[in-house]
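Down below is the structure, laid out as structure tokens.
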Amino acid sequence: MSWLDNAARQHSEDWRSQGLERTPAIFGTGQTPVATIDGHEYVLFSSSNYLGLAEHPAVTEAASDALNQFGAGSGGSRLTTGTTKLHTQVERDFARFLGYDDAVFFSAGFMANAGVLQALAGSDTLILSDERNHASIIDGCRLAKAQGATVRVYRHCDPAHVDELLRQRSGEAIVVTDGLFSMDGTLAPVPELLTICRARGAALMVDDAHGTGTLGARGRGITEHFSLIDEHPDILVATSSKALGVEGGAVATSAPVAALLRQKARTFVYSTSSTPATCAAVSAAISMLERQDSPVPALHRNIRRLAGHLGMGDWASPIIPVPIGDETKAVNASATLREAGYFVPAIRWPTVPRGAAMLRVTVMATHTFEQIDGLADVISRL
């Protein structure tokens with residue numbers, strides 16, 4: 001056995017001894033409201049398939065048609081081996097849907113966040129990042145820092161702290177935040193951040209991964225939720241792997257910034273592009289949100305129902321946290337729900353701070369009222 005094997009085994013044993021080892025559940029079905037998980041049937045309340053589009057016939061048929069026409073792979077990087085009309089179409093669809101001049105489609109939202117910050121940051125750039133931002137933003141900040149950018153972390157959802165940090169420095173600055181924070185379901189104060197950025201000459205970048213398709217009357221995300229009609233963040237990252245039910249991430253922005261990303265974002269330039277089937281499925285999912293029978297209103301009804309049961313008040317997000325605190329208690333609570341037929345994960349350190357463990361409930365448009373009421377009843381008796 002090599003030193004690498006020994007080191008890997010030791011690290012794994014240390015991780016396991018701290019109670020941090022995670023084993024992914026194995027699905028025998030799609031992530032539908034009733035799913036087969038580890039060989040048993042559960043009511044699923046852990047999926048980001050918020051609108052049920054992953055299994056919608058319009059989405060799967062679009063993917064199937066593209067698969068038959070273009071094959072299973074994309075052939076490589078778009079700048080090296082070329083692109084397809086489906087890749088350019090999905091970028092136009094995202095730009096139209098989100099209200100931007102252009103959009104650049106990456107193979108994953110993680111790649112989009114990392115690539116944007118790496119491509120735009122120079123040695124004179126200041127990046128201000130919310131302390132609870134997603135790991136992809138954190139890694140993007142690290143890449144930017146390696147290029148000489150200065151990275152400062154500001155207090156969670158604290159526009160005053162952002163303003164203070166911007167006043168201390170002139171020159172290029174990017175403020176970056178999640179739009180809908182993926183663990184606790186809270187929303188960033190985007191209007192306030194936008195006002196400060198405009199006053200201080202900074203650019204605002206918002207990762208709206210979980211807001212795309214879930215926030216706003218038509219599912220256009222955080223900007224629609226806050227009625228930011230005439231003034232958008234400079235950069236909006238939207239993923240198609242959550243509410244749109246497919247995979248990939250789009251960076252919606254101005255035409256000049258999009259052109260630069262296509263030339264300079266390493267995660268775009270040097271990565272094999274998404275398959276044509278993926279692009280076709282994403283375009284079909286976007287079109288579903290623009291139809292009269294959009295699933296977005298059904299999602300909002302279900303959010304209101306569960307949030308009302310749990311005393312959450314006027315809750316906007318499909319991510320509903322149930323605070324537990326102690327890590328062991330959270331794991332036990334998740335096990336109790338599983339015994340009752342509900343699959344809800346326990347979220348604990350290092351995903352959230354120590355002592356802040358929770359149950360993370362996610363609502364889908366395809367849940368029935370009976371399923372929602374049943375979950376709420378079991379939670380109330382924990």
Side-chain angles (χ1 to χ4, degrees), residues 25-37 41-74 84-98 103 105 107-109 208-221 224 238-250 273-303 305 318 343 362-372:
I26 299 176
F27 280 73
T29 60
Q31 296 202 0
T32 51
V34 178
T36 301
I37 307 170
E41 196 171 82
Y42 297 96
V43 181
L44 178 65
F45 278 95
S46 70
S47 178
S48 295
N49 182 26
Y50 299 122
L51 298 176
L53 292 179
E55 64 273 8
H56 195 282
V59 176
T60 58
E61 287 171 11
S64 178
D65 290 345
L67 187 67
N68 290 329
Q69 180 178 359
F70 292 95
S74 67
T84 71
K85 61 183 181 180
L86 298 179
H87 288 82
T88 57
Q89 183 62 55
V90 76
E91 292 178 330
R92 289 194 298 270
D93 290 340
F94 261 118
R96 182 195 68 252
F97 181 66
L98 297 172
F105 194 62
S107 58
D208 205 27
H210 290 270
T212 306
T214 69
L215 298 177
R218 297 169 294 177
R220 284 174 164 80
E224 185 181 25
T239 59
S240 41
S241 56
K242 308 293 189 300
L244 298 184
V246 197
E247 63 183 6
S273 65
S274 299
T275 68
T278 293
C279 297
V282 175
S283 288
I286 292 173
S287 70
M288 288 294 301
L289 271 63
E290 297 175 312
R291 287 170 31 169
Q292 289 294 324
D293 59 348
S294 165
V296 174
L299 174 65
H300 292 173
R301 284 194 298 271
N302 285 350
I303 292 170
R305 190 173 186 93
F343 192 86
T362 56
V363 181
M364 294 188 285
T366 44
H367 281 129
T368 66
F369 281 178
E370 181 181 7
Q371 291 165 344
I372 290 170

Please tabulate, one pair per line, all N/O donor-acceptor pairs under 3.5 Å involving side-chain atoms of residues 240-250, not counting sequence neighbours.
residue: S240; atom: OG; partner: E247; partner atom: O; Å: 2.6
residue: S240; atom: OG; partner: G248; partner atom: O; Å: 3.1
residue: E247; atom: OE2; partner: T278; partner atom: OG1; Å: 3.3

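Pairs of residues two or more places apart, or lying in two chains, never qualify as side chain to side chain donor-acceptor pair (under 3.5 Å) while including a residue from residues 58-67.
Residue A58 comes nearest to A284 through the heavy atom pair O-CB, 3.7 Å, listed as atom of the first residue, atom of the second, then distance. The two residues A35 and G30 come nearest to each other via the heavy atoms CB-O, 3.7 Å. Annotation for R96 and D93: closest pair NH1-OD1, 2.9 Å, computed over non-hydrogen atoms. Between C279 and H87 the shortest heavy-atom distance is SG-CD2, 3.4 Å.
Here the straight-line distance linking atom OG of S274 with atom CZ of F105 works out to 4.5 Å at 0.5 Å rounding. For the atom pair CG of L299 and CG of L51, the computed distance is 5.5 Å after rounding to the nearest 0.5 Å. Between the OG1 atom in T366 and the CD atom in Q371 there is a gap of 8.0 Å [rounded to 0.5 Å]. Note that NE2 of H300 is 5.5 Å distant from CD1 of I303, once rounded to the nearest 0.5 Å. To the nearest 0.5 Å, the span separating CD on E224 from OG1 on T212 amounts to 11.0 Å. Note that CZ of F343 and CD of Q31 are 9.0 Å apart. Values are rounded to the nearest 0.5 Å.
Aromatic ring orientation, H367 versus F45: parallel (interplanar angle below 30°, classes split at 30° and 60°).
Using a distance-only test at 3.5 Å, with no hydrogens or angles considered, a donor-acceptor pair links the side chain of S74 to the main chain of S273. No donor-acceptor pair under 3.5 Å is formed between the side chain of S283 and the backbone N or O of A280. A distance-only check finds no donor-acceptor pair linking the side chain of R220 to the backbone of L215 [under 3.5 Å]. The closest donor-acceptor contact from the side chain of T84 to the backbone of P276 lies at 3.5 Å or more, if one exists at all.
The side-chain heavy atoms of F70 and L86, taken from C-beta on, include a pair separated by under 4.5 Å. Looking at heavy atoms from C-beta onward, L44 lies in side-chain contact with I37 at the 4.5 angstrom threshold. With a 4.5 Å cut-off on side-chain heavy atoms, T362 and Y50 count as touching. Contact of the F94 side chain with the V90 side chain is registered, since non-hydrogen atoms from C-beta on lie closer than 4.5 Å. The side-chain heavy atoms of L289 and F97, taken from C-beta on, include a pair separated by under 4.5 Å. Looking at heavy atoms from C-beta onward, M364 lies in side-chain contact with P33 at the 4.5 angstrom threshold.
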Derivation of the salt bridge (Lys or Arg N to Asp or Glu O under 4.0 Å) call for R218 and E290
CA-CA 7 Å; R218 297 169 294 177; E290 297 175 312; over 6 Å; no

Step-by-step side chain to side chain contact (heavy atoms under 4.5 Å, CB included) determination, F27 to T36
CA-CA 6 Å; F27 280 73; T36 301; over 6 Å; no

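The one candidate from N49, T29, T32 that meets the side chain to side chain donor-acceptor pair (under 3.5 Å) condition with E55 is N49.
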